[in-house]
Number of protein chains: 2
Amino acid sequence: MGSLTEENYIKTIYNLSLEPGEVSVSELAKKLSVKLPTVTSMIKKLSVKKMVSYAPYQGIKMTEKGKKEALSIIRKHRLAELFLVKILKLGWEEVHEIAEQLEHVNSDRFYNRIDELLGFPKADPHGEPIPDVNGKVVSQKSIPLSQANVGSSVKISAVTNDEKLFLDHLNSKGLQIGDQITVKKKEEFDGSVSIINKSRKETMLSHQVVEKIWVEL
Amino acid sequence: MGSLTEENYIKTIYNLSLEPGEVSVSELAKKLSVKLPTVTSMIKKLSVKKMVSYAPYQGIKMTEKGKKEALSIIRKHRLAELFLVKILKLGWEEVHEIAEQLEHVNSDRFYNRIDELLGFPKADPHGEPIPDVNGKVVSQKSIPLSQANVGSSVKISAVTNDEKLFLDHLNSKGLQIGDQITVKKKEEFDGSVSIINKSRKETMLSHQVVEKIWVEL
DNA sequence: AATAAATGTTAGATTAATCTAACATTTTAA
DNA sequence: TTAAAATGTTAGATTAATCTAACATTTATT
């Protein structure tokens, strides 16, 4: 983990990288309210630390290592925002500033408990997705399989449980992340769902299971 | 508000000042894990800012301004610890480190909500008293008047409510902080308490009132 | 294509917080 | 009561993050 300043650069670079086009030194300087040479020198430092890849006059690109770090900070920021709104009953407009401070708290225990207290939420109060402990982000357009319409064909984008037992269960049903599946039938009385998997076989998934499988339309 | 480093110096100086004897440069250096000259130079800086008073080779003394700042940080630290234990269910042994980070969060709204969420607690998980918003500390040996024994003579050490209405009420009963009073009778059915005030007059105080008056034995 | 505008880099200074080495004062104790 | 030990200060160096001024490269525009 780097300094507070480094964390702010990494988070900002990551956010800019999601927008179309290269991440430029001037964009970064503007976002961080510093002058251009300040950015150049910090980028060199982050480059030595392998958080970004950089060659003079070319744009700034994040490495996998940098992305991982960025997602960890963003996770903390968004969990903090949701916590401030849901638990401390602060307004969603006023929480950003406080979350900017809380995102630098270094304690996995702290953030995992907040995650738990909030029921492992998928999005912050602004609807932005919250990366999980491993930096996995459930796309904003994803929904739990339990909410997919009968007849729709969807792609498994994520599972919100990493337990071996759960993953083994999915394997035994012939399911994997990335698979395209079709929703055949939804049982009202117990919330179970019948689907057709990649191998065109029909299987039944319980309510507990379809709640934990997230899909993209 | 000063830098994070300044806040740590101020908090540490305050804590050392509660122990008997002068606060020395070497004590501070040891507590903060820095060398002596580092302390000397920071003390000079804090002295310019009127947080401490200092003359070379004499000890370090806190000013009122410094104490106020220290109590604000300590309040945040202790609220954070209690929050971590009570709400996030972390162990009391592990919360100190996280609280060291949270105490630097700059947001009154944040801490006042936590205070509220915890029910305006008087002590942290270690039994250390939590200063209120105004830096007032209820001594560890204080108890609410509602818990004092009949026949005991006690001194009013604090009131946990600053509303004019409440303070006017106390005035009308001839009560002030610092007054020595005697508990005459406690009514079981409504929690009211009869006391004898400084002027040897007997008065009845309701449950709501005796809950908010803290006394020392 | 030549040049002006925009963008990026280098060099060197500044500030906060730290350090080491050398010196000064105060306290302890022989 | 003076020498040794402990404690504190000053001077000057270092590192992180920032700045301004000067220079370099890239992009846009006539």
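Any value given below was found using the heavy atoms of this structure, including those in side chains, with hydrogens, waters and symmetry copies removed. Order of the sequence lines fixes the chain letters, A, B, ..., with proteins taken first and strands second; residue numbering starts at 1 for each chain.
Contact between the side-chain N/O atoms of B/S41 and the OP1/OP2 oxygens of C/dT18 is not found at any separation under 4.0 Å. Phosphate proximity of C/dT18 to B/Y9: present, with a side-chain N or O under 4.0 Å from OP1 or OP2. A close approach under 4.0 Å does occur between a side-chain nitrogen or oxygen of B/T40 and OP1 or OP2 of D/dT9. For A/K44, a side-chain nitrogen or oxygen approaches OP1 or OP2 of C/dT10 to under 4.0 Å. Taking 4.0 angstrom as the limit, A/S26 places a side-chain polar atom (N or O) nearer than this to OP1 or OP2 of C/dG8. OP1 or OP2 of C/dT9 sits under 4.0 Å from a side-chain N or O of A/Y54.
Straight-line distance from the CD1 atom of B/I43 to the C1' atom of D/dT10: 16 Å, rounded to whole Å. Summarising the geometry, the separation between CG on B/L36 and C1' on C/dT18 is reported as 13 Å, rounded to the nearest angstrom. Residue A/E22 contributes atom CD, which lies 14 Å from atom C1' of C/dG8 at whole-angstrom precision. Computed from coordinates, the B/L28 CG to D/dG8 P distance equals 10 Å when rounded to whole Å. As a whole-Å value, the separation of A/E6 CD from D/dA16 P is 9 Å. Going from atom CG of A/L32 over to atom P of D/dT18 covers 8 Å, rounded to whole Å. Computed from coordinates, the B/Y57 OH to C/dA24 P distance equals 9 Å when rounded to whole Å. Rounded to whole angstrom, the span from the NZ atom of A/K30 across to the C1' atom of C/dG8 amounts to 15 Å.
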Canonical and wobble pairing (Watson-Crick, G-U, under 3.5 Å) of DNA chain C, dot-bracket with |: ||||||||||||||||||||||||||||||
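Taking a cutoff of 4.0 Å between a charged side-chain nitrogen and a carboxylate oxygen, A/E27 and A/K30 do not qualify as a salt bridge.
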A/K11/A/E103 under salt bridge (charged side-chain N to carboxylate O under 4.0 Å, His left out): CA gap, chis, key distance, verdict: CA-CA 10 Å; A/K11 185 186 64 165; A/E103 76 192 5; 2.9 Å; yes
Check against side-chain hydrogen bond (donor to acceptor under 3.5 Å, both in side chains), B/Q180 and B/S153: CA-CA 7 Å; B/Q180 196 74 26; B/S153 177; 3.2 Å; yes
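Heavy atoms from other residues, nucleotides or ligands lying under 6.0 Å from NZ of B/K86 number 12 at most. Within a 6.0 Å sphere centred on NZ of A/K68, heavy atoms belonging to other residues, nucleotides or ligands number 12 at most. Around atom NZ of B/K173, more than 12 heavy atoms belonging to other residues, nucleotides or ligands sit under 6.0 Å away. Heavy atoms from other residues, nucleotides or ligands lying under 6.0 Å from CD of A/E97 number 12 at most.
Among the atoms of the strands shown, only primed sugar atoms or phosphate atoms (P, OP1, OP2) are found under 4.0 Å from some heavy atom of B/S24. At a threshold of 4.0 angstrom between heavy atoms, the contacts of B/T38 include nucleobase atoms, whether or not backbone atoms are also involved. The residue B/P56 sits close only to the backbone: its heavy atoms come under 4.0 Å of sugar-phosphate atoms, none of a base.
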